[in-house]
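First the structure, in the form of structure tokens, and then the observations on it.
Residue numbers begin at 1 in each chain, while the letters A, B, ... track the order of the sequences.
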There are 2 protein chains.
Amino acid sequence: MATIRPITTRRSQALHRIRPGGGPDDRTRWQQRKSSMTREAILEAAVDSLVDTGYAGLSTNDVARRAGVSRGAMHHHFASRADLVEGLIEHVFYHRMRQFLDDFLARLKQAPTGEDPYRMAMELHWRSVQSREYGAFLRLAVAARSDEALAAIFTPAARLYDEIWLGEMHHAFPQWREAPELMRIANDVTQAVHAGLQINGATWGDARMAAVLERAAILVEDLAREARG
Amino acid sequence: MATIRPITTRRSQALHRIRPGGGPDDRTRWQQRKSSMTREAILEAAVDSLVDTGYAGLSTNDVARRAGVSRGAMHHHFASRADLVEGLIEHVFYHRMRQFLDDFLARLKQAPTGEDPYRMAMELHWRSVQSREYGAFLRLAVAARSDEALAAIFTPAARLYDEIWLGEMHHAFPQWREAPELMRIANDVTQAVHAGLQINGATWGDARMAAVLERAAILVEDLAREARG
DNA sequence: GAGATAACCGGCAACCCTGCCTGTTTTATT
DNA sequence: AATAAAACAGGCAGGGTTGCCGGTTATCTC
């Protein structure tokens, strides 16, 4: 049983443990450093390509073009399209989560005493679903519904990050410790509503979106009240 | 201002008004009839192709193959991929809505007095988002987020059907007449949650999905209470 | 400094998709 | 019955994508 330490000293260590290989901040070997930089460039371009053209439209050619990298280099880092997709999934999950958690933990640390932490978290999550990475996530999630090969990579990754995510929430909101299932519901409802709004938002317009967001916030507050007593 | 008639005599006339051209049930001219039958077959195959391969992967070739139709016939009915997409969008919206409204109005008519109509409607909607047509809708909605040409066709169609949909709900639940915006929120929350669950469901599993569905149902009942007084 | 190794380059063959275009068969009109 | 028109068939060129492979350059190791 892991001891629960204050979040301010943790800075989402679970995420760091997950991250494979040394990032671009490896100073000793220039070759490896440059290599991992082009790798990152390729993955960033892959996110763009995925968001622009969709999963089926994602082509190694297009990605190499966008990244300003030769097809040879592309093939060196990712031998096949499947390899690229695998790296892409990792990349998308990691960066989206990292972005949210960094923002979240930072604001939790320096929060004004009056601020409602649930509203704050929901607002940050809402911002995170508007990111490029979430666009990529949506593409992948929808494609995985009917592509078994993709699902075989995507679903386990999604489950892993979901687990880490819930763990972080658990640490961030110790008030819910007596009712973890209520917190999980609050989390799931938030994510579901935000995902749904990303799907239907363009049709409904800002006003209707805002109304739904507000109701979701109230629901989470209700759950928090329920958890306290 | 249109007079409000009992739904049982209406059977979603608005939908019939929308539907372009005579369907396959045109008995006079065999040529036209057969033509519209292959057209339907093509569109059905297009739904399959869209769900299987995604919007970018949707190819006229593949659709013709699935429909068991020559490329010539394909080209005759839909001169370009864009034409096919246009027809496909119409087809998907129409059939999904038609399916839901038919089921909904039928069950409303013969509802046992004890049945909660909101739960019933939500259950039917949940079933409808599990349909093939909703899978196609998801593909299109996600693709339209970054494809302007697609969005130019998709968004107006989505708005039109949304309007008809809300109109039908309005007729079906006259109890909300005093608070139409609350009913709209109930509708939007339901659709958003169900969409979000279609995105995240594979990751979360059935138990978590059920919990979210239950909370959404409670929220809708709260809104109904609020609307009554 | 020299060999080993990793990073990168761009061409080739096979395949698929699109849009167009020329025929052929089936149905409608008169 | 004859002409018009709609429905359908399938080939062709142009372009894009994939996976692979031989060659080149930069970096690491000893």
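When rounded to the nearest whole Å, the span between NE2 of H75(A) and C1' of dC21(D) equals 9 Å. When the P atom of dA7(D) is taken as reference, atom CD1 of I42(B) falls 11 Å away, rounded to whole Å. If you take CZ of F78(A) and C1' of dA7(C), they are 14 Å apart, rounded to a whole angstrom. Look at CG on L84(A): it is 17 Å from C1' on dC20(D), rounded to the nearest Å.
Relative to the ring axis of Y55(B), R81(B) places its NZ or CZ within 45° and under 6.0 Å from the centre.
Under the side chain to side chain contact (heavy atoms under 4.5 Å, CB included) criterion, A67(B) pairs with I42(B), A45(B), V69(B), not counting sequence neighbours.
For the residue pair Q99(B) and Y94(B), no side-chain donor N or O sits within less than 3.5 Å of a side-chain acceptor on the partner.
Within 6.0 Å of CD in E163(A) there are 12 or fewer heavy atoms belonging to other residues, nucleotides or ligands.
Of the possible donor and acceptor atoms, one in the side chain of S146(B) sits under 3.5 Å from a partner among the backbone N and O of V51(A).
Between F154(B) and F137(B), some side-chain heavy-atom pair lies under the 4.5 Å cut-off.
Out of dA6(D), dC21(C), dC9(C), the shortest distance to the side chain of H76(B) is found at dA6(D).
Look at T38(A) and you won't find any side-chain N or O under 4.0 angstrom from OP1 or OP2 of dA7(C). An OP1 or OP2 oxygen of dC8(C) is reached within less than 4.0 angstrom by a side-chain nitrogen or oxygen of H77(A).
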B/S/- along nucleotides 12-18 of chain C (protein heavy atoms under 4.0 Å) is B----BB
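Comparing G72(A) and G68(B) by the nucleotide of DNA chain D that holds the closest heavy atom to each, the one mapping nearer the 5' end is G68(B).
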